[in-house]
Amino acid sequence: MKGLALAATSLSTQMPRGFLAVTKLKLTKPKMKMKKKKKPKTPESSQEQDQDSNFAFNLKQTTSFSLTHFPIQPLGNLLLGPTSKTNLRDTGLGALYCLPDDLLHDILSLLDATDLAVFSTASKSTYVFSSHDPLWRSLVLSKFEGQFSFVHSWKYTYVNSLTGKPPLVPKSLKITNFYSDYLFQSYLCANMEFKPEWLKRDNIQRRRGISVEEFISCFEEPNKPVLLEGCIDTWPALKKWTRGYLLETCSGTEFAVGPVKMPLERYFQYSDLVQEERPLYLFDPKFTDEVTQLGLDYDVPDYFREDLFSVLGQDRPDYRWIIMGPAGSGSSFHVDPNSTSAWNAVIKGSKKWILFPPEVVPPGVHPSPDGAEVACPVSIMEWFMNFYGSCRDWEKRPVECVCREGEVIFVPNGWWHLVINLEESIAITQNYVSRRNLLNVLDFLNKPNASVLVSGTNDRVNLHDKFKNAIDVKYPGLINLLKLEAQEKAAKQKKLTFWESAADSSTGGFKFAL
Amino acid sequence: MADNGGKKITLKSSDGEEFEVPEVVAMESQTIRHVIEDVCAKNSIPLLNVNSKILSKVIEYCKKHVAAAEAAASKASTEEGTAAAASVTKPSDEDLKTWDAEFVKVDKGTLFNLILAANYLHIPGLLDLTCQAAADMIKGKSAKEIRKFFNLKNCISPEEEEEIRRENQWAFEEEKRTRAFDAYA
């Protein structure tokens, strides 16, 4: 086993704002092969062993930091340690010590680079807090936007980009007895390998070569997810989209990456080097406008050809994205916008998916009552560390899978989903509305707080009317027909949840307009 | 929408003092709102993490902001057309900002307690305001001034200090430039 193993006991305590899980971590020595007398396995000791292996983490082999020399320790080490020590964190913060780490971080994120750097020189404690790399990421992005050359870390990148010279990193700086769960967890998530056991479960329905009718009746109408194999085998993208091809074809184009736009060379330079908790994700909704050739290298699979938002022409909300990202990048739990369904095709790499049906809110996720906001403050890695284990054995357990090159996943409307790239990945995703979903979408767009909920367009308030009118023009009578069908169906069927139904389910199906 | 006829609720500080406030004011705190809505609280809510001095400040903030929102809403509904309404609400936005700025002119101990209370009670506006005020306490200060102001224990050895300063030399040059500019301003 390479790297150090950490035994961790997870304590999830919910705090009002941050909702961070408080984790106690204990550093253990690497497991070495030694000849020992075998103790008889009592039930307790074997359970303990299982617990240990459950919570052990390996560091990425590419990680540049070593736990034995890392300045920050988790709070568990202070609390469970043999002697009572003081926390360097507190003495070095003075009056600021009473603020929890996440709030202190929020305050420091309001400082400009100069003030943050000066603050870092005040004490060892302020130095550690000021060195938290996400702070410098914001500073790089706001000062240099997409025009940075990423080197080593965001802090390094900032100084290098500003002065043209690399910063002189201190070599003799000794930091001991500094304990912080917040900072430690962040570094751990950035440098930890995705555990193999998180990949073990793959319980999604898989189909190959089914007809469109079968897809609609077995999955789209009952609103169930499915992984479709073999339906993008003819995509030129699968063979063509090498790095070299993309760099050449997209030369001069800037793609949407988080809050900025970047040329592809710069993005790859970043994604090849970065090791952070929430890597920047290239996620661009205008890629076919920007580079026509990319749109020609793929085709919408037959199952998803009905695309009713197309009646809006140029006024339609964003509906198709190219997605690129390094291992660890991804999307934390969310429901897709405007009550649409989606498909996601992996061209390169692989993604781990976790899906929950609409009526099951994933652990660690806190949607506001009106659905306008979803608080999921933990990163994807942290979610796996602290929440995944607890829901695996639920009665309403999640649907999980790994989606690989050439495979397409169907994400039914309203389903919660989380995605993490297991390696550098390229994918295409599209959201769509078919007649199975049309009434839901109209309801959604008609909600009183549509101006907050509707996304992907500048015309949130009027989208409902525009869409409805355009449908009436192109498909006269369709809406009324669907409403009649829905009423008949509802009268026949008792409403079943996904987990209660054997075959059909009306989860996410037609709802009456309120 | 006067608060005289509205429902009242009692908030009890950690040191036992009781504050009767209109429910709409208390609900500026999302934590309290959940207690009222989900738990069907009786008329008194104990807040074990907030003492009376801080709670009275928090209530002052919430009262002011609820009143300001109500004033803006009633003006908007009486004025014809959104353009007219917008021009009317602008001055009161400025007034509120001025009030906020005065509100956070407190000693750092009080300010940090306000931050903790705003966090615990989940009052986003107050949390943003107080965090910005804390950041403003750091801005523009030299390392020496920061140490003095926050009473930090500095265990950096001279050798380490030299290295850290060299690492951040670019910032000290920026700082000198900014300060020189400020001297002329």
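Quick caveat, the model's predicted, so the values are computed rather than measured. Every chain is numbered from 1 and lettered A, B, ... according to where its sequence line falls, protein lines coming before strand lines.
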Checklist entry - Hey, does the side chain of B:E160 reach the backbone of A:K174 with a donor-acceptor pair shorter than 3.5 angstrom? => result yes

Checklist entry - Just by modelled atom types, is the B:G140 backbone N or O under 3.5 Å from a matching donor or acceptor in the A:D115 side chain? => result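 Pair found, side chain donor or acceptor close to backbone of B:G140.
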
Report yes if some heavy atom in the side chain of [X] is under 4.5 Å from a heavy atom in the side chain of [Y]; otherwise report no.
| X | Y | value |
| --- | --- | --- |
| B:N113 | A:C98 | no |
| A:Y97 | B:F150 | no |
| A:S125 | B:L152 | no |

Item to check | Contact summary for B:N168 and A:A117, nearest pair of heavy atoms | outcome: OD1-CB, 3.5 Å

Item to check | Minimal non-hydrogen separation, B:I146 against A:A122, with atom names | outcome: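 The answer is CG2-CB, 3.9 Å.
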
So what's closer than 4.5 Å to chain B heavy atoms on [X]: side chain, backbone, both or neither?
| X | answer |
| --- | --- |
| A:K171 | both |
| A:T121 | both |
| A:Y156 | neither |

Checklist entry - Which of the residues A:L162, A:L116, A:V169, A:L111 is involved in the greatest number of heavy-atom pairs with chain B at under 4.5 angstrom? => result A:L111

Just how far is it from atom [atom1] of [X] to atom [atom2] of [Y], taken to the nearest 0.5 Å?
| X | Y | atom1 | atom2 | answer |
| --- | --- | --- | --- | --- |
| A:L96 | B:F149 | CG | CZ | 9.0 Å |
| A:D90 | B:K153 | CG | NZ | 12.0 Å |
| B:M137 | A:I107 | CE | CD1 | 9.5 Å |
| B:C131 | A:L99 | SG | CG | 8.0 Å |

Item to check | Verdict with supporting geometry, B:E163 and A:S172, side-chain hydrogen bond (donor to acceptor under 3.5 Å, both in side chains) | outcome: CA-CA 8 Å; B:E163 284 195 333; A:S172 69; 3.0 Å; yes

Next on the checklist: If you apply the rule side-chain hydrogen bond (donor to acceptor under 3.5 Å, both in side chains), what do you find for B:E167 with A:Y127, and how did you get there?
Outcome noted: CA-CA 11 Å; B:E167 184 193 19; A:Y127 182 85; 3.0 Å; yes

